[in-house]
Visitor: 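This structure is in structure tokens; I'll ask about it shortly.
The shown structure was predicted, so the numbers you read here are calculated from the model rather than taken from an experiment. Reckoned from all heavy atoms, side chains included, excluding hydrogens, waters and symmetry mates. Numbers restart at 1 for each chain; the letters A, B, ... are given by sequence-line order, proteins then strands.
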There are 2 protein chains.
Amino acid sequence: MKIDAAVSLLGALAQGSRLALFRLLVQKGPDGMAAGDIAERLGVAPNTLSFHLKELSSVGLLKSRQEGRFIYYAPDFKVMNSLLAYLTENCCAESTTATECSTPASCKEC
Amino acid sequence: MKIDAAVSLLGALAQGSRLALFRLLVQKGPDGMAAGDIAERLGVAPNTLSFHLKELSSVGLLKSRQEGRFIYYAPDFKVMNSLLAYLTENCCAESTTATECSTPASCKEC
DNA sequence: TTCATATTTCAATAATTATCGAATTAAAGT
DNA sequence: ACTTTAATTCGATAATTATTGAAATATGAA
């Protein structure tokens, strides 16, 4: 991943409503959640939510599918993982000083 | 970590010059680098760099120490790790769907 | 003390981003 | 066809953020 892509992804997540939104959808899983339900759950106006959904979708963090009048949004996990990979590789000290960067939580089971 | 802290950390990294700056310092290691050298290396004006250093420092991503006229900046790895931990725990699907979130790059050696 | 260097601070400006209300599109039910 | 519901788009406004030039602080050297 190039640095510009990482900046875009970080920027998409660097906002309270959007991070809450993404967390919610991760929790909800691959089936996703309809826009209206998300708006209600997060307590944001439908048009404001639409703006944030677009923001996250445009960087690839969300996928959507239409079902009748409803549009379901779900996380694209591989994009999130590529960001995590970028950050661990480029912004952790593993490459230079093995001990500086402690094992991330996801490696607990190792 | 609370969501607000995560948003602040993400926001601090969600900017081209700052992400490049943080990467550079991670590469440079715990001894850090003087502000002037960083500015020259990144090709940004000293006062602009100062602004970005402050931004990163204020969220805890950078530590600094003064040596004579020079101020050396270095990453605070544990803060970065706590962000990575937050993201893997809250924004990856491991908790719900074990397979959705692939093993991050940092776990290669496991 | 005086001068040069390293860095930060300040004020102004430009650019980007978030929120709101109103209007619009589009699908489904009557 | 008409109405309701789901969601987005648009335009305006407010708020935040980045960049620049000039001035200030502070350390070390002559």
Visitor: Do A/F51 and A/Y72 belong together in a cluster built from hydrophobic side chains that touch within less than 4.5 Å?
Guide: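 No, separate clusters.
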
Visitor: Taking OP1 and OP2 of C/dT19, is either one under 4.0 Å from a side-chain nitrogen or oxygen of A/H52?
Guide: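 Yes.
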
Visitor: The side chain of B/A35 is closest to which nucleotide in this list: C/dG21, C/dT9, C/dT7?
Guide: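 For B/A35, the side-chain atoms sit closest to C/dT7.
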
Visitor: Heavy atoms of chain B, cut-off under 4.0 Å: which first and last nucleotide of DNA chain D, 5' to 3', fall inside that, if you could look?
Guide: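 Terminal contacting nucleotides, 5' to 3': D/dA18 to D/dG28.
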
Visitor: Measure from the side-chain heavy atoms of A/Q66 and tell me the nearest of C/dA22, C/dA27, C/dT8.
Guide: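 Closest of the options to the side chain of A/Q66: C/dA27.
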
Visitor: Should B/Y72 be listed as having a side-chain N or O under 4.0 Å from OP1 or OP2 of C/dT7?
Guide: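 It does not, given that no N or O in the side chain of B/Y72 lies less than 4.0 Å from OP1 or OP2 of C/dT7.
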
Visitor: Mind listing the residues from residues 9-25 of chain A sitting with a heavy atom below 4.0 Å of DNA chain C? Number order is fine.
Guide: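 Heavy-atom contacts with DNA chain C come from A/Q15, A/R18.
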
Visitor: A/A34 near the nucleic acid: base, sugar-phosphate alone, or nothing, with a heavy-atom cut-off under 4.0 Å?
Guide: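 Result for A/A34 = sugar-phosphate.
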
Visitor: Is the count of non-hydrogen atoms from other residues, nucleotides or ligands lying under 6.0 Å from A/R65 atom CZ greater than 12?
Guide: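 Atom CZ in A/R65 is packed in, count exceeds 12.
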
Visitor: Is A/A45 touching bases, backbone alone, or none of the nucleic acid, heavy atoms closer than 4.0 Å?
Guide: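 Answer is nothing: A/A45 stays at 4.0 Å or more from every strand.
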
Visitor: Are B/L61 and B/L42 connected in a single hydrophobic cluster, I mean Ile/Leu/Val/Met/Phe/Trp/Tyr linked by side-chain heavy atoms less than 4.5 Å apart?
Guide: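 Yes: a chain of side-chain contacts under 4.5 Å links B/L42 to B/L61.
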
Visitor: Between A/D37 and A/M33 (side chain of the first, backbone of the second, donor and acceptor by atom type, cut-off under 3.5 Å), is there such a pair?
Guide: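 Not confirmed, A/D37 side chain does not pair with A/M33 backbone.
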
Visitor: Say you draw a straight line from OH of A/Y73 to CG of A/L53; how long is it, rounded to the nearest 0.5 Å?
Guide: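 So the gap between those two atoms works out to 5.0 Å.
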
